[in-house]
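Worth saying up front: this structure is predicted, and the values here are computed from it rather than measured.
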Amino acid sequence: MTVSRLWRALGVLGMAAAMAGVPPVLAQGKKDSAVIGMALEPTGLDPTAGAASAIGEVVHYNILETLTKIDSDGSIKPLLAQSWSVTPDNKTWAFKLRPGVTFHNGEPFNAQTVKFSFERAVAPGSANKDKAVFNNIVNIATTDDHTVVLTLKNPNPDFLFQLGQTTASIVEPKSAATNNAQPVGTGPYRLESWNKGSSVVLTRWDGYREARSVKLKRVTIRFISDGAAQVAAMLSGDIDAFPRVAAARSLSQFQNDKRFQVLIGGSRSKTILAINNKRKPLDDVRVRRAIAMAIDRKAVIDGAADGFGTPIGSFYVPGAPGYVDLTAVNAYAPDTSRALLKEAGVATPLELTMKLPPVPYARQGGEVIAAQLAKVGINAKIENVEWAQWLSGVYGQKAYDLTVVAHVEPLDFGNFARPGYYWGYESAQFNALWERINATADNAQRDKLMAEAQRLVADDAVAAYLYQPTWITVAKAGLKGLWKDAPILANDLSALSWQ
């Protein structure tokens, strides 16, 4: 069934129910179980070995845990570390670990497992996408089983936040190699089954230190990438909650129905049109600027997110420390775009490919962008790819010209200094600036340097920066504990309960 037919079918069903005076039936889930929707299925379940944020949406705080925990408001709480202290120079951190914690396989959690996890993150061959965080740790001392002291090369004001991200998960040494298929952690849930292409089932681990406080014994996570199908699954009652659902077009329908709750919250995500800076003629900044200036951000937000988004002019979002509004840089100007292409010696039409992952914002936004690029003489041929293909071909092999993707990690600006990163940007000026930022402990000075960094990557048009998404969560009214705002992409299942 096509998307348009599905929308019409939903409309007919709704009208029929209204005429009969009977609301569409929603299957009431058991009070100790729930079905959660996710747009993307991860290709593996080890967040320390893969870049996809969908991994963390399944395992973070559920199967695998970290020393600290990031709450929905961005605050930091103890998790596997019950307390910590830091020296005045902000370089030496001592963590007191929670005693009596075991992994799902019965092995003890202690300072040695923290040391193993962080050393593994920087070991040769490590695919940890936050390797730079752990490279900044110059010494790991385990003074006893429940104390670990981390010494940093440079002070890091974001350190506690980064230790709460899924890439800092503490893993059990004997099982670490098989975590991608069968993750073993210290969290409240264990993996029961993974039906590839359909769902993951998690069951409460009765050996968890606070098992009695975990209300849901069983959680099924279903993967539904199509936006209309997401809405249909909610309306039919097949899904109890869908965080970050593509339901903007149906929002009023859910808001006006007492059977549902709608949560609209902020994010630290950046949706961009990534550009392969290594490919000709995209290695010319004038061509990249031409691409950026051919794009009307408002039209993209309307088309990709039904208006739920805030325009951005760099790889940074409003509300983040040191944010500056750079939407005027490379602002929508089709005539200037055409002139830049001519100045760069590009004969039009310029033929490019645009590879789009299977999420509604990318597929819908990509169509809008392609239409806008065509007006300045750039033919962007759309190639729809599955998520595994995107991760392998675009992110891994850099086999692309353009792609639309949301970078959801809040502290990933350092990717511009990351060698071999998928957008192929190399700038000695940025690298030097990033070193200064990392070596700066004063927050005010750091914010000034971050403003310089934002302007540099905007001027260099590394990508066409589009918008900051607004997250929408739709759930049955009786389900409590859902996050409204999402500083990181995580589904904290242990907080959920039925009223």
Side-chain angles (χ1 to χ4, degrees), residues 47-51 56 66-70 74 76 79-81 84-97 111-143 147-171 268 315-316 320-322 407 409-421 425-450 452-454 457 487-488:
T48 69
T66 45
L67 294 185
T68 62
K69 185 172 184 177
I70 303 164
I76 308 299
L79 191 55
L80 288 176
W84 50 81
S85 60
V86 61
T87 54
D89 63 0
N90 287 311
K91 287 188 177 181
T92 303
W93 294 80
F95 292 89
K96 286 292 182 183
L97 305 181
Q112 289 299 322
T113 58
V114 176
K115 181 179 175 68
F116 169 82
S117 299
F118 292 173
E119 289 180 343
R120 175 174 174 261
V122 294
S126 168
N128 194 306
K129 63 182 177 183
D130 286 335
K131 188 183 290 188
V133 174
F134 305 100
N135 270 325
N136 191 41
I137 301 174
V138 294
N139 189 60
I140 303 175
T142 56
T143 56
T147 305
V148 62
V149 180
L150 307 178
T151 303
L152 309 184
K153 176 183 178 182
N154 294 311
N156 181 358
D158 301 317
F159 193 51
L160 290 177
F161 190 101
Q162 290 167 332
L163 290 183
Q165 295 188 134
T166 190
T167 47
S169 294
I170 307 303
V171 300
R268 294 284 293 273
F315 197 72
Y316 220 54
H407 286 254
E409 295 83 1
L411 301 174
D412 56 356
F413 210 99
N415 285 338
F416 291 96
R418 185 172 165 181
Y421 198 57
Y425 177 65
E426 294 181 2
S427 168
Q429 183 181 357
F430 183 88
N431 293 346
L433 179 56
W434 192 245
E435 285 187 12
R436 290 176 61 198
I437 291 171
N438 286 331
T440 301
D442 180 76
N443 286 335
Q445 182 60 26
R446 188 182 176 92
D447 288 349
K448 290 181 180 179
L449 293 173
M450 279 302 300
E452 289 184 31
Q454 292 168 64
V457 300
I488 60 172

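Residues Leu163 and Thr66 have side chains not in contact (no heavy-atom distance under 4.5 Å, counting atoms from C-beta outward). Looking at heavy atoms from C-beta onward, Ser169 lies in side-chain contact with Pro47 at the 4.5 angstrom threshold. Counting heavy atoms from C-beta outward, Pro419 and Glu426 have side chains that stay 4.5 Å or more apart. Put simply, the side chain of Thr68 does not reach to within 4.5 Å of the side chain of Leu79, judged on heavy atoms. Taking the side chain as every heavy atom from C-beta outward, Trp93 and Val148 never approach each other to under 4.5 Å. Ile488 is listed as a side-chain neighbour of Phe161, based on a closest heavy-atom distance under 4.5 Å. Counting heavy atoms from C-beta on, the side chains of Phe159 and Asn136 never come closer than 4.5 Å. Side-chain contact between Asn415 and Arg418: present, with at least one pair of heavy atoms (C-beta onward) separated by less than 4.5 Å.
Here the side chain of Arg446 pairs a donor or acceptor atom with the backbone of Ile437 at under 3.5 angstrom. The main-chain N or O of Ile140 is found under 3.5 Å from a side-chain atom of Lys115 such that the two form a donor-acceptor pair. Distance alone, capped at 3.5 Å, is enough to place a donor-acceptor pair between the Tyr316 side chain and the Pro321 backbone. No side-chain donor-acceptor contact under 3.5 Å links Thr166 to the backbone of Gly56. Checked by atom type and distance alone, the side chain of Ser126 pairs as donor or acceptor with a backbone atom of Ala121 at under 3.5 Å. Checked by atom type and distance alone, the side chain of Asn128 pairs as donor or acceptor with a backbone atom of Thr167 at under 3.5 Å.
Partners of Val149 under the side-chain contact (heavy atoms from CB on, under 4.5 Å) rule, at least two apart in sequence or in another chain, are Thr92, Ala94, Ala141, Thr143, Thr147.
Shown here for Ala123 and Lys131, the closest heavy-atom pair between the two residues is O-NZ, 4.4 Å. For the residue pair Ala49 and Ala127, the shortest heavy atom distance occurs at O-CB, 3.7 Å. The minimum heavy-atom distance linking Phe413 with Phe430 is given by the pair CE2-CE1, 3.6 Å.
The closest side-chain donor-acceptor pair between Arg120 and Thr48 falls under 3.5 angstrom. Defined by atom type and a distance below 3.5 Å, a donor-acceptor pair is missing between the side-chain atoms of Asp130 and Gln162.
We find the CZ-CG distance between Arg268 and Asp412 to be 9.5 Å, quoted to the nearest 0.5 Å. Atom CG of residue Leu150 and atom CG of residue Asn156 lie 11.5 Å apart, to the nearest 0.5 angstrom. To the nearest 0.5 Å, the span separating CG on Asp89 from CG on Asn154 amounts to 11.0 Å.
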For this session: In sequence, state the C-alpha distance, the side-chain angles, and the governing distance for Leu152 and Val138, and then conclude on side chain to side chain contact (heavy atoms under 4.5 Å, CB included).
Result: CA-CA 6 Å; Leu152 309 184; Val138 294; 6.0 Å; no
For this session: Give the C-alpha distance, both sets of side-chain angles, the deciding distance and a yes or no for side chain to side chain contact (heavy atoms under 4.5 Å, CB included) between Ile137 and Val122.
Result: CA-CA 10 Å; Ile137 301 174; Val122 294; over 6 Å; no
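Phe134 and Phe118 have tilted rings, their planes meeting at an angle from 30° to 60° on a 0 to 90° scale. Using cut-offs of 30° and 60° on the angle between ring planes, the pair Tyr421 and His407 is tilted.
Glu409 and Lys129 are joined by a salt bridge, as a carboxylate oxygen and a charged side-chain nitrogen come within less than 4.0 angstrom of each other. The pair Glu452-Lys448 does not count as a salt bridge, with every side-chain nitrogen at least 4.0 angstrom from each carboxylate oxygen.
For residues 429-440, the set of pairs meeting the side-chain hydrogen bond (donor to acceptor under 3.5 Å, both in side chains) definition, not counting sequence neighbours, is empty.
Environment of CD in Gln445: crowded, with over 12 heavy atoms of neighbouring residues, nucleotides or ligands closer than 6.0 Å.
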